[in-house]
Amino acid sequence: MTPLRVTGAWVQLLADWLDDQRLYAPGVRALIGIRRPADTVPLALWTELLEQVLQMRPELTAPALAVGALVEPRHLGVLGYLILSSATLGEAMQAYRRYERLFYGANLATVEVDRLHVRLCWPASASTGKLADTVAIAALVAFQRRLLGNLFVLESVSFAFAPPDNPLERQAYDTFFACQVYFSAPETAVVMPVATLDRRLPGSDPYLRALLDSQAQALLRAAPDAGEIDRSVQQALIRCLPEGRVTLERIAALLHLSVRSLQRRLAERDISWRQLLDQTREQLASEYLADASLSATDIAFLLGFSEQSAFNRAFRRWTGSSPERYRRRLACVQEM
């Protein structure tokens with residue numbers, strides 16, 4: 001099984017909790033602060049940081065619930081904004097299942113739907129431990145409550161870890177989730193009425209969702225056959241290109257490398273920074289052009305070009321064809 005990890009954006013949730021609790025904690029903050037949102041953080045390190053932070057307030061009952069309650073879309077990266085821009089809760093749940101690997105490094109969740117209920121489940125073997133599981137499920141519930149308010153209803157929540165020994169802690173779980181909470185369960189699960197899937201989300205934005213969906217797909221597909229350094233650089237590029245701030249120095253900083261170290265590693269792969277940037281843009285352009293919902297202007301933005309004309313010139317240099325002609329040929333092939 002692929003080793004689980006989380007993102008640097010998720011680790012920032014701990015810094016927000018320290019702020020909320022008005023805790024200085026310079027040592028832990030330094031460990032959190034060096035993580036960029038796009039970084040991958042081993043699950044063991046995330047758990048260790050979480051334990052260190054919560055130990056600072058030993059008098060609190062079930063503080064992991066309070067950490068999860070602070071979740072914002074930015075803590076989930078592209079996945080969070082995809083959920084936010086979805087039309088319904090069901091569509092948001094589909095986005096989570098499709099792109100969970102961007103968050104944990106693996107697809108773990110399953111969705112079971114019957115006539116009355118929908119169950120979002122994770123196997124007990126994928127449990128990240130009591131504290132981390134609590135933060136994750138509390139965040140999921142808090143996020144949906146923020147979107148739907150009283151329209152979001154839970155029927156039950158299950159955890160794979162043993163029930164708390166402290167009755168007050170057990171009560172804190174019941175109060176937070178406001179439903180039946182099970183422990184020592186064969187899986188981690190959230191159960192809702194099936195009608196919840198059709199609830200409309202207030203932040204629905206089909207245009208933004210299409211852009212984010214294309215970016216998330218590109219992140220999943222980035223350089224499947226490339227070496228590790230190629231893949232790391234390309235994933236950083238996919239995130240940075242729409243910001244229009246793509247420089248060797250910025251990518252090196254995101255990867256916690258010096259510019260010279262990054263250049264040396266690329267040279268070992270017999271590829272230069274400029275070549276990799278060009279190859280990544282060309283690969284992404286082909287993928288984005290296959291998506292009929294994206295205009296040429298959208299694609300130019302996703303690839304970090306200031307103007308559509310600059311994208312057109314680059315694409316002609318890469319392929320000898322214009323983006324419009326390439327898209328027409330692609331459509332003809334798909335119709336065959």
(message) Taking ring-ring contact (aromatic ring centres under 6.0 Å, His included) as the definition, give me every residue that meets it alongside F103, ordered by chain and number, with sequence neighbours left out.
(response) W10

(request) For F161, check ring-ring contact (aromatic ring centres under 6.0 Å, His included) against everything at least two apart and list the hits. (result) F159, F183

To the nearest 0.5 angstrom, please state how far the [atom1] atom of [X] sits from the [atom2] atom of [Y].
X    : Y    : atom1 : atom2 : result
L18  : Y24  : CG    : OH    : 12.0 Å
L54  : L131 : CG    : CG    : 5.5 Å
L60  : L65  : CG    : CG    : 11.0 Å
M192 : L116 : CE    : CG    : 14.0 Å
Y99  : L76  : OH    : CG    : 15.0 Å
L82  : L208 : CG    : CG    : 8.0 Å

Can a donor-acceptor pair be found, under 3.5 Å and without considering hydrogens, that links the side chain of [X] to the backbone of [Y]?
X    : Y    : value
Q12  : I32  : yes
Q215 : I238 : yes
S86  : T88  : no
E91  : A87  : yes

(request) Tell me whether L197 is reachable from V191 by hopping between hydrophobic residues (I, L, V, M, F, W, Y) whose side-chain heavy atoms are closer than 4.5 Å. (result) no

(request) Please state whether the rings of Y326 and F315 are parallel, tilted or perpendicular, taking 30° and 60° as the class boundaries. (result) perpendicular

(request) Please examine the side chains of V118 and E112, heavy atoms only from C-beta on, and report whether any two atoms are closer than 4.5 Å. (result) no

Could you pull out all residues at least two apart from [X] that satisfy side-chain contact (heavy atoms from CB on, under 4.5 Å)?
X    : result
R97  : V111
V153 : P193
D165 : none
D278 : R317, W318

(request) May I have all residue pairs that pass side-chain hydrogen bond (donor to acceptor under 3.5 Å, both in side chains) and include part of residues 301-316, sequence neighbours excluded? (result) T297-Q308, E307-S309

Considering residues at least two apart in sequence or located in another chain, which fulfil the side-chain hydrogen bond (donor to acceptor under 3.5 Å, both in side chains) criterion with [X]?
X    : answer
Q279 : none
R29  : D19
Q171 : none
Y207 : D298

(message) Could you check whether E100 pairs with R98 (Lys NZ or Arg NE/NH1/NH2 to Asp/Glu carboxylate O, under 4.0 Å)?
(response) no

(message) Take a 6.0 Å sphere around CZ of R145 and say whether it holds more than 12 heavy atoms from other residues, nucleotides or ligands.
(response) yes

(message) Show me the pairs that pass salt bridge (charged side-chain N to carboxylate O under 4.0 Å, His left out) and involve residues 61-81, at least two apart or across chains.
(response) D16-R74, E72-R146

(request) For residues H75 and L70, report the shortest heavy-atom separation together with the two atoms involved. (result) CE1-O, 3.7 Å

